[in-house]
Amino acid sequence: MKLRLKLWEPYLLIAPAVLILLAFFAYPLLQGLKLAFMHYILFEPNDVRFSGLANFKAILTDNNIVRILLNSLLWVVLTVGLQFVLGFMLALALNTRFKGKNIYQSIVFLPWAVSAFLIGMIFKWMFSEQNGLINYLLMKLGIVDKGIPFLALPGFSIFPIIIAMVWYGVPFFGIMLLAALQSVPKDIYESADIDGAGRWTKLFSVTIPYIKPTIILTVLLRVIWVFNSADLIYIMTNGGPANTSHNLSSYIFNQISYTTDFGQASALGVIMLIILILYTLIFLRTTKYDEAGDF
């Protein structure tokens, strides 16, 4: 009896976590997949039916879908790229000793503690045409004669949101990469110094290869996080003007809010899920995560 309990002990210990995942992840996922193949509009309760691929056909013929896909690509590449570069520079700077380091470290990590709603409101005010800080500075410097409607320019309105998202996400990379940098053994650097390696050689031949697993995982997770992010878009532009600043995630909320078409919104969610699964598989294969960190 005791031996049998011992064999089942690991399964019993993980059972609560598995049940929580099934309740809050698996069930909603299955329901979303089911809705993707149904005609399900909230204000048409008597016309709920299986519609096959009709929702996906409607998405492919949507005039906005190409722009939204391009916006999603631009949103992820620029946001995560700039967050990673600035976060890595921040981590390298904080990995050195200087006076007041702890105070400076707490200040630069502050954005991570601020809510996305507040960040969205701050940057919305900064880019405001009427009384925004950016337009005020531009007019004071004589660069422009009147305020520019940054958040109402088709094809441009997504860039202020990207700037806000970059500012919001830099501390994430800073914290993660700083922790990885502090784990690099000092004797590796001492050996590199003995071999006559310079600063840049040590960075690209020692530091980056050693923390490569952390870099891969943080970039992987951050891309998924940013790709699914819609809060700043809703707060700053609500996807406007004319859906030109939507990404896939915010467009799903738009479909639910304005058309109450849960079937088509679920189909968009399935497309997002497929994109993220393909991205994860390709990214891990191309970065050779299994071999990362090996010297």
- Task: Give, for atom CG of Leu220 and atom CD1 of Ile215, the distance between the pair rounded to the nearest 0.5 Å.
- Result: 13.5 Å
- Message: Is the shortest side-chain heavy-atom distance between Val170 and Leu82 below 4.5 Å?
- Response: no
- Task: Would you check if Phe123 and Pro160 make a side-chain contact, meaning some heavy-atom pair closer than 4.5 Å?
- Result: no
- Message: Side chains of His39 and Asp47 only: does a donor on one sit below 3.5 Å from an acceptor on the other?
- Response: yes
- Separation between NZ (Lys34) and CZ (Phe50), nearest 0.5 Å, reads 11.5 Å
- Ignoring hydrogens and angles, tell me if any N or O in the side chain of Asn55 forms a donor-acceptor pair with the backbone of Met38 under 3.5 Å. yes
- Query: Would one find more than 12 heavy atoms of other residues, nucleotides or ligands at under 6.0 Å from atom CZ of Phe156?
  - Reply: yes
- Task: Examine Arg222 relative to Phe172 and say whether NZ or CZ is less than 6.0 Å from the centre of the six-membered ring and inside a 45° cone about the ring axis.
- Result: yes
- Query: Which value, rounded to the nearest 0.5 Å, describes the distance between Ile68 atom CD1 and Asn63 atom CG?
  - Reply: 10.5 Å
- Apply the side chain to side chain contact (heavy atoms under 4.5 Å, CB included) test between Leu153 and each candidate in Thr244, Ile158, Ile148; give the one that qualifies. Ile148
- Task: Could you grab the distance from atom CD1 of Ile208 to atom OH of Tyr210, nearest 0.5 Å is fine?
- Result: 15.0 Å
- Query: Leu138, Leu133: one ILVMFWY side-chain cluster at the under-4.5 Å cut-off?
  - Reply: yes
- Item | Min side-chain heavy-atom separation Ser229-Ser249 under 4.5 Å | no
- Under 3.5 Å, side chain of Ser51 to main-chain N/O of Ala54, donor-acceptor pair present? no
- Task: Could you state whether Leu33 and Leu248 fall into the same hydrophobic cluster, counting links through intermediate Ile, Leu, Val, Met, Phe, Trp or Tyr residues with side-chain heavy atoms under 4.5 angstrom apart?
- Result: yes
- Sub-3.5 Å donor-acceptor pair from the side chain of Ser257 to the main-chain atoms of Asn254, do we have one? no
- Query: Is there side-chain contact between Ile252 and Met272, with at least one heavy-atom pair below 4.5 Å?
  - Reply: yes
- Query: Do the side-chain N and O atoms of Asn247 and Ser250 include a donor-acceptor pair separated by under 3.5 angstrom?
  - Reply: yes
- Donor-acceptor side-chain pairing of Tyr251 and Asp62 below 3.5 angstrom: yes
- Item | Residue pair Lys146, Glu129: steps toward the side chain to side chain contact (heavy atoms under 4.5 Å, CB included) verdict | CA-CA 8 Å; Lys146 61 179 182 178; Glu129 179 185 4; over 6 Å; no
- Task: Taking the side chain as every heavy atom from C-beta outward, state whether Ile41 and Val48 have any atom pair closer than 4.5 Å.
- Result: no
- Item | Within 6.0 angstrom of Ile103 CD1, more than 12 heavy atoms from elsewhere | no
- Task: Indicate, with yes or no, if the rings of Phe227 and Trp75 have centres closer together than 6.0 Å.
- Result: no
- Message: Tell me whether Met89 at atom CE has more than 12 heavy atoms from other residues, nucleotides or ligands lying less than 6.0 Å away.
- Response: no
- Task: Answer whether the closest heavy-atom distance between the side chains of Leu276 and Asn228 falls below 4.5 Å.
- Result: yes
- May I have the step-by-step check of side chain to side chain contact (heavy atoms under 4.5 Å, CB included) for Asn135 and Phe150, ending in yes or no? CA-CA 9 Å; Asn135 275 313; Phe150 291 108; 3.5 Å; yes
- Mind checking whether Leu74 and Ile65 sit in one hydrophobic cluster, side chains of I, L, V, M, F, W, Y counted as touching below 4.5 Å? yes
- Item | Taking every non-hydrogen atom, the tightest pair across Phe283 and Ile216 | CE2-O, 3.4 Å
- Between Ala265 and Gln255, the two heavy atoms sitting closest are CB-CB, 4.2 Å
- Message: On a heavy-atom basis, which atom in Ala36 and which in Ser266 lie closest, and how many Å separate them?
- Response: N-CB, 3.6 Å
- Which heavy atom in Ala116 sits nearest to a heavy atom in Leu232, and how many Å separate them? O-CD2, 3.3 Å
- Hphob cluster co-occupancy, Leu90 + Val219, side-chain heavy atoms under 4.5 angstrom: yes
- Query: Ile163 versus Phe127: any side-chain heavy-atom pair under 4.5 Å?
  - Reply: yes
- Query: Yes or no on side chain to side chain contact (heavy atoms under 4.5 Å, CB included) for Thr259 and Gln264, after CA distance, side-chain angles and deciding distance?
  - Reply: CA-CA 10 Å; Thr259 68; Gln264 201 170 125; over 6 Å; no
- Message: Would you say Leu42 ends up clustered with Ile256 if hydrophobic residues are merged whenever their side chains have heavy atoms under 4.5 Å apart, either directly or through other cluster members?
- Response: yes
- Contact check, side chains of Ser157 and Ile161, non-hydrogen atoms, under 4.5 Å: no
- Nearest heavy-atom pair of Thr214 and Ala180: which atoms, and what distance? OG1-CB, 3.7 Å
- Taken to the nearest 0.5 Å, the spacing of Leu30 CG from Phe25 CZ works out to 9.0 Å
- Task: Test side chain to side chain contact (heavy atoms under 4.5 Å, CB included) on Arg67 and Asn243 and set out the steps.
- Result: CA-CA 9 Å; Arg67 174 177 284 276; Asn243 296 319; 6.0 Å; no
- Item | Spacing of OG belonging to Ser128 relative to CD1 belonging to Ile134, to within rounding of 0.5 Å | 11.0 Å
- Message: If only side-chain N and O atoms count, and only distance matters, is there a donor-acceptor pair under 3.5 Å linking Ser245 with Thr237?
- Response: yes
- Answer yes or no: does atom CG of Asp145 have more than 12 heavy-atom neighbours from other residues, nucleotides or ligands under 6.0 Å? no
- Query: Is the Phe37-Phe56 ring centre distance short of 6.0 angstrom?
  - Reply: yes
